[in-house]
Protein chains: 2
Amino acid sequence: MPQPSAPRKTLGRPPRISREEIIETARRIVDEGGVGKLTMRRLATEVGSTPMALYHHVRDKEELLVLLLDDYADRNLRRPELPADPRERILVAATAVHDALAACPWIVEVLTADDLMSTNALWFVEQIVDGLIECGLSPDRAVHAYRAVWYYTAGEIVVRTTAARRRADDERATYREQVFADLDTRELPRLAQVAGRWAPLTAEDTYPNGLRALVDGLLLSR
Amino acid sequence: MPQPSAPRKTLGRPPRISREEIIETARRIVDEGGVGKLTMRRLATEVGSTPMALYHHVRDKEELLVLLLDDYADRNLRRPELPADPRERILVAATAVHDALAACPWIVEVLTADDLMSTNALWFVEQIVDGLIECGLSPDRAVHAYRAVWYYTAGEIVVRTTAARRRADDERATYREQVFADLDTRELPRLAQVAGRWAPLTAEDTYPNGLRALVDGLLLSR
DNA sequence: ACCTGAACACCGTTCAAGT
DNA sequence: ACCTGAACACCGTTCAAGT
């Protein structure tokens, strides 16, 4: 993603819109109406231009989305004070990333990206990998462990915000309720036993507990 | 998702297409060309009908997708022999679900559903929850622990298959490489240190290791 | 170099009518 | 009860032309 960089001295028509302006407007549209409202056409009109002008500043819609995620990370991932203890540092850094991303429901569509790549987000990755190494993992194992943390974090956000969306949609959730009401007590006794508590239980925020368990388990192996 | 149930005796025009036929054809389209090729219009023509006829059998496209996921789970989640040891049982059941879903790249779009709900998939959930209880967790904690496993599993699949897709797309991956090549060695020393090995390291299949760590960590707490 | 207009090749879904 | 045709209100992107 090459930055447009310094003001160009080359000849030609002066730009009427900038990458920054595009991203800024895109952010506003998404904040107001969700990522579903962000279309190249609408973005163009809100930026006071035509759809095709946008393609001079971003390659396509997917690049725009990734740009938007990076912008969000740069803007919302303020670096917290990190504890000296490496295990605690891992937990605090991962939770900070998690909380910032989870606060932003539209992120899911883009979050499936391979990794967070904004320089600001990389600082958190650094802290986690460093904490893992300080806890005694080799650098290679630390990368694997970091990835496990990222899988868990991304999965938690994706699954939970999609569930919340479905709940808002109404009546889609009743399918789950119906399935759970009709559970075969003989074949699925444990699920039948917790069926009534499933909704409240899965609504609880268990990210920190699961994260701690995962990190402890990852550190067990050395 | 009410089943169409027994052959209806009520009067009226006899159905020309069935829900089963729709799902079967949808599955074929998706298998051949990916989930992106599945449109209501194309599905209609391949089933020999019109777009609007489909809406008599499924509520909308999202319901069709969930139906398709359930169909896939019923068809591909063959129940393995499970070990007697509860911890091993958890690992084998979770890995079986993971492997079946990971083998199916189109699943990602639907996987963000709250939970797997086909009766066949629920058997695996039952095995995991049961194993966790047998290991000494309370039923409530077992549900939370199962959810952590599901977050980790869904996250791993979503992140990895999206990454693979991006790699196939080409040149999108080079962004990551560029960022990693330009890492500030002073500010991000650990990442700079592993930068060269990042791609192969993250390409390795570490699902089973991470799963074991997570489960061990979850069992530590009681 | 940057922007525009028109067009291409699509979408999911609603509505009113037919059998 | 089930299906059709036409239409609505959109999409992302390409291409050729303008300034």
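What you are looking at is a predicted structure, and each value in this text was computed from that prediction instead of being measured. Every chain is numbered from 1 and lettered A, B, ... according to where its sequence line falls, protein lines coming before strand lines.
- Of the possible donor and acceptor atoms, none in the side chain of Y152(B) sits under 3.5 Å from a partner among the backbone N and O of G210(A).
- Between the CD1 atom of I17(B) and the C1' atom of dC2(D) there is a distance of 9 Å, rounded to whole Å.
- Counting only residues at least two apart or in different chains, side chain to side chain donor-acceptor pair (under 3.5 Å) contacts with residues 91-103 of chain B comprise H98(B)-E156(B).
- T50(B) has no side-chain polar atom (N or O) that falls below the 4.0 Å cut-off from OP1 or OP2 of dG5(D).
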Which nucleotides of nucleotides 12-19 of chain C have their base under 4.0 Å from a protein heavy atom (B), which only their sugar-phosphate (S), and which neither (-), written as one string 5' to 3'? BBBB--BB

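- Checking T153(A) against Y207(A) by side-chain atom types alone, a donor-acceptor pair falls below 3.5 Å.
- The CG atom of L64(A) sits 14 Å away from the P atom of dC11(D) (whole-angstrom rounding).
- The existence of a salt bridge linking R41(A) and E46(A) is excluded, since no basic side-chain nitrogen approaches an acidic carboxylate oxygen closer than 4.0 Å.
- Straight-line distance from the CG atom of L54(B) to the P atom of dC11(C): 13 Å, rounded to whole Å.
- Electrostatic pairing of E32(B) and R27(B) does not count as a salt bridge here, judged by no charged N lying under 4.0 Å from a carboxylate O.
- Paired regions of DNA chain D, where each region holds three or more successive Watson-Crick or G-U pairs whose two hydrogen-bonding distances fall under 3.5 Å, are C:4-8 with D:12-16, C:12-16 with D:4-8.
- Q127(B) places no side-chain N or O within donor-acceptor distance of the main-chain N or O of A93(B), the cut-off being under 3.5 Å.
- Under the 4.0 Å criterion applied to side-chain N and carboxylate O atoms, R79(B) and E187(A) are assigned as salt-bridge partners.
- For the P atom pair drawn from dA9(D) and dC10(C), the interatomic distance equals 22 Å after rounding to whole Å.
- Neither OP1 nor OP2 of dT4(D) sits under 4.0 Å from any side-chain N or O of H56(B).
- The main-chain N or O of N209(B) is never found under 3.5 Å from a side-chain atom of T206(B) such that the two would form a donor-acceptor pair.
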